[in-house]
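Each remark here refers to the structure printed beneath this line.
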Amino acid sequence: MALHFTSEQRLDDNVLEREFTLGEIPGTLWTPESAAPVPLILMAHNNGLPRTAARLVARARHSAASGYAVATIDAAGCGDRPRSAADEQARTDLRQAMQAGEPVDEILESLVDSLVETAVPEWRTTLDALLSLPDIDGPVGYSGWTAVGIHLAAVDPRIAAAGFFAGGHVPRAQREEARQITIPLLLLLQWDDEGNPRRRALDLFDAFGSKEKTLHANLGGHVGTPWFEVEDGNRFFDRHLK
């Protein structure tokens, strides 16, 4: 499957931003000015959000300015891409359960597990295409959505290090897969995240099989991750990708 660039612009931080398509997969690639090929970071957003979300773009541009190629895609069911009837029904059930104050774990299990199973093959296809570009080299890092990242790292040995955000639901299947993960990890936890019990996040951190894993916990709710964690994340990748 061929990757086609559809637009490009040079940003004011000397980062080149290019939109691309890969079959039905739309994506964005940010690359720094560099005379040599650079390492790659795959940056995934949580389910349903578009790749143009301001927080993701800011993180991507910062990492690209620090010497990385950074890529994100709208996987199936994310952004403007159509969702399956089952996923739409699960989202409807989730909204209704939350409004009624009912338990939502089983609905999230079904929804997120389905999204992971369709997203990971598309991320791997994207990785194949990106690593064929002359200005990108390994090793490869992953940053973002934990459930997708765990499954991707478990099935694709090209992922050399990962930074996960503990703010999304991680299905039981991925919690079990976490024991297989041995790459260096950085897990970010918002201590007061109303949608993700901290005990579950701490148990997930404990389950990872990595010998080198770091937990950063900050006070605040789901979207309150401080900007300095982006800078610390780049230093984490500097240690393992450069």
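Numbers for residues simply follow the sequence, beginning at 1. Please read these numbers as outputs of a predicted model, since none were measured by experiment. Note that these values count all heavy atoms, side chains included, but never hydrogens, waters or copies made by symmetry.
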Any idea which heavy atoms bring Pro37 and Asp137 closest together, and the distance? CB-CB, 3.6 Å

Could you point out which residue of Ile73, Leu3, Thr72, Leu29 forms a side-chain contact (heavy atoms from CB on, under 4.5 Å) with Thr126? Ile73

Between Thr28 and Arg18: side-chain donor-acceptor atoms closer than 3.5 Å: no

Quick check: closest heavy atoms across His222 and Gln190, and the distance to 0.1 Å? O-CG, 4.0 Å

Say whether His45 and Asp74, considering side chains only, have a donor N or O and an acceptor N or O under 3.5 Å apart. yes

Assess the residue pair Tyr142 and Asp156 against the criterion (side-chain hydrogen bond (donor to acceptor under 3.5 Å, both in side chains)); give the C-alpha distance rounded to whole Å, side-chain angles, the decisive distance to 0.1 Å, and a yes or no. CA-CA 11 Å; Tyr142 174 92; Asp156 199 316; over 6 Å; no

Nearest 0.5 angstrom please: Leu40 CG to Arg158 CZ, how far? 10.0 Å

Do other residues, nucleotides or ligands put more than 12 heavy atoms under 6.0 Å from Glu231 CD? yes

Atom of Ile107, atom of Asp93 and distance for their closest heavy-atom approach: CD1-O, 3.6 Å

I want to check something: taking the side chain as every heavy atom from C-beta on, are Leu152 and Leu127 in contact at a cut-off of under 4.5 Å? no

Looking at CD of Glu24 and OG1 of Thr125, how far apart are the two atoms once the value is rounded to the nearest 0.5 Å? 11.5 Å

Using only atom types and a distance under 3.5 Å, with no angle test, would you say the side chain of Tyr68 pairs donor to acceptor with the backbone of Asp238? yes

Could you tell me the separation between the CG atom of Leu185 and the OG1 atom of Thr214, rounded to the nearest 0.5 Å? 8.5 Å

Neighbour count above 12 (heavy atom, 6.0 Å) for Arg198 CZ: yes

Return the CD to CD distance between Glu8 and Glu19, rounded to the nearest 0.5 Å. 11.0 Å

Could you tell me whether a side-chain N or O of Glu229 sits under 3.5 Å from a main-chain N or O of Leu188, the two making a donor and an acceptor? no

List the atom of Ala65, the atom of Val15, and the distance in Å for their closest heavy-atom pair. N-CG2, 3.7 Å

Is it the case that the side chain of Thr21 and the backbone of Gly23 share a donor-acceptor pair, with hydrogens and angles ignored and the cut-off at 3.5 Å? no

Any donor-acceptor pair under 3.5 Å linking the side-chain atoms of Asn234 with those of His62? yes

Shortest non-hydrogen contact between Gln180 and Ala154, atoms and distance: OE1-CB, 4.2 Å

Between Lys213 and Phe205, is there a donor-acceptor pair closer than 3.5 Å when you use the side chain of the first and the backbone of the second? yes

Distance col, row Thr225:OG1 vs Arg59:CZ, nearest 0.5 angstrom, shows 9.0 Å

Nearest-0.5 Å distance, CG of residue Asn14 to CZ of residue Arg61: 10.5 Å

